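Following: one structure in structure tokens, then a few remarks.
Bear in mind the structure is a predicted one, so any value in this text is a computation, not a measurement.
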Amino acid sequence: MVGVVNGYLEALASMQINAEKTWHVPNRMEALAEAAKEIFAWLGALPLSSRAKYFAGLAVEEIVTNTIKYGYDDEGPHVVDIRISVNRDHLTLVFEDDGHPFDPTKRPPPNIEALVESQKVGGLGIELVRRMCEKMTYDRENNVNRLVLRIRRLQPDDTQFLSLSALL
């Protein structure tokens, strides 16, 4: 049985997974919560490292939360589009919204010590996302913010693709 499991895991590791999905999330926190559940379920069905799944989920929650909280002056309906694509080496997350122009790549790193001393909640989300990503780019065209994150699909110290209990 161990040989079968190891062979299956090796086959998964060498597979070229190409998957892509898009979500259109209304600018409400409850809509984000529903979309996050769907995104985690979709990622969970793919042979990705636990770390890559976690990073992608955290990025979705941080970026969309900031957009909903700070991106708009009105209470009107807006939509944040999230597209996630997976290839052999990377997950690419693309966020598009019609909120205020905001380039998180230009935001300076926070003063962690000052944040801890102030006991202020928040202020670290963008920095966490930046540190999780291999690459982060931003552009604004036709009044649309476009943030692209590239996350390594596999980590050398996190190669469990599939729970062994799923094979038994």
_Verdict with supporting geometry, Met29 and Thr65, side chain to side chain contact (heavy atoms under 4.5 Å, CB included)_ = CA-CA 7 Å; Met29 294 305 287; Thr65 294; 3.7 Å; yes
*asked:* Pair Phe95, Leu149 - check side chain to side chain contact (heavy atoms under 4.5 Å, CB included), show working.
replied: CA-CA 9 Å; Phe95 300 89; Leu149 310 177; 3.6 Å; yes
*Let me see the working for Arg107 and Arg130 under side chain to side chain contact (heavy atoms under 4.5 Å, CB included), right down to the final yes or no.*
CA-CA 10 Å; Arg107 186 174 172 99; Arg130 185 183 350 230; 4.2 Å; yes
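Expressed to the nearest 0.5 Å, how far CD of Glu61 lies from CG of Leu128 amounts to 12.0 Å. With rounding to the nearest 0.5 angstrom, the NZ atom of Lys21 is 10.5 Å from the CG atom of Leu43. How far CE of Met136 is from CD1 of Ile151: 9.0 Å, rounded to the nearest 0.5 Å. Put simply, CD on Glu96 and CD1 on Ile82 are 11.0 Å apart, with the number rounded to the nearest 0.5 Å. Remark: Thr67 OG1 to Lys69 NZ distance equals 11.5 Å, nearest 0.5 Å. Rounding to the nearest 0.5 angstrom, the gap separating the CZ atom in Arg51 from the CZ atom in Arg152 is 12.0 Å.
Tracing side-chain contacts under 4.5 Å through hydrophobic residues (I, L, V, M, F, W, Y), one reaches Ile68 starting from Tyr72; they form part of the same cluster. Cluster annotation: Leu58 and Val25 are assigned to the same hydrophobic cluster (Ile/Leu/Val/Met/Phe/Trp/Tyr, side-chain heavy-atom contacts under 4.5 Å, transitive). The cluster map of Ile, Leu, Val, Met, Phe, Trp and Tyr, joined by side-chain heavy atoms under 4.5 Å apart, puts Val129 and Tyr138 in the same cluster.
Listed for the Asn27 side chain is a donor-acceptor partner under 3.5 Å among the backbone atoms of Gly76. Between the side chain of Ser49 and the main chain of Arg153, a donor-acceptor pair closer than 3.5 Å is present.
Residue-environment remark: OH (Tyr54) stays at or below the threshold of 12 foreign heavy atoms within 6.0 Å. Annotation for Glu30: atom CD counts as buried by contact number, over 12 foreign heavy atoms lying within 6.0 Å.
With a 4.5 Å cut-off on side-chain heavy atoms, Val94 and Thr22 do not count as touching. Side-chain contact between Val148 and Thr92 is present, with heavy atoms from C-beta onward closer than 4.5 Å.
None of Leu91, Asn87, Val86 except one satisfies the side chain to side chain contact (heavy atoms under 4.5 Å, CB included) rule with Asp89; the exception is Asn87. With Asn145 as the partner, the side chain to side chain donor-acceptor pair (under 3.5 Å) test is satisfied by one option alone out of Asp97, Asp139, Asp98: Asp97.
Ring geometry for Trp42 versus Trp23: interplanar angle over 60°, hence perpendicular rather than tilted (30 to 60°).
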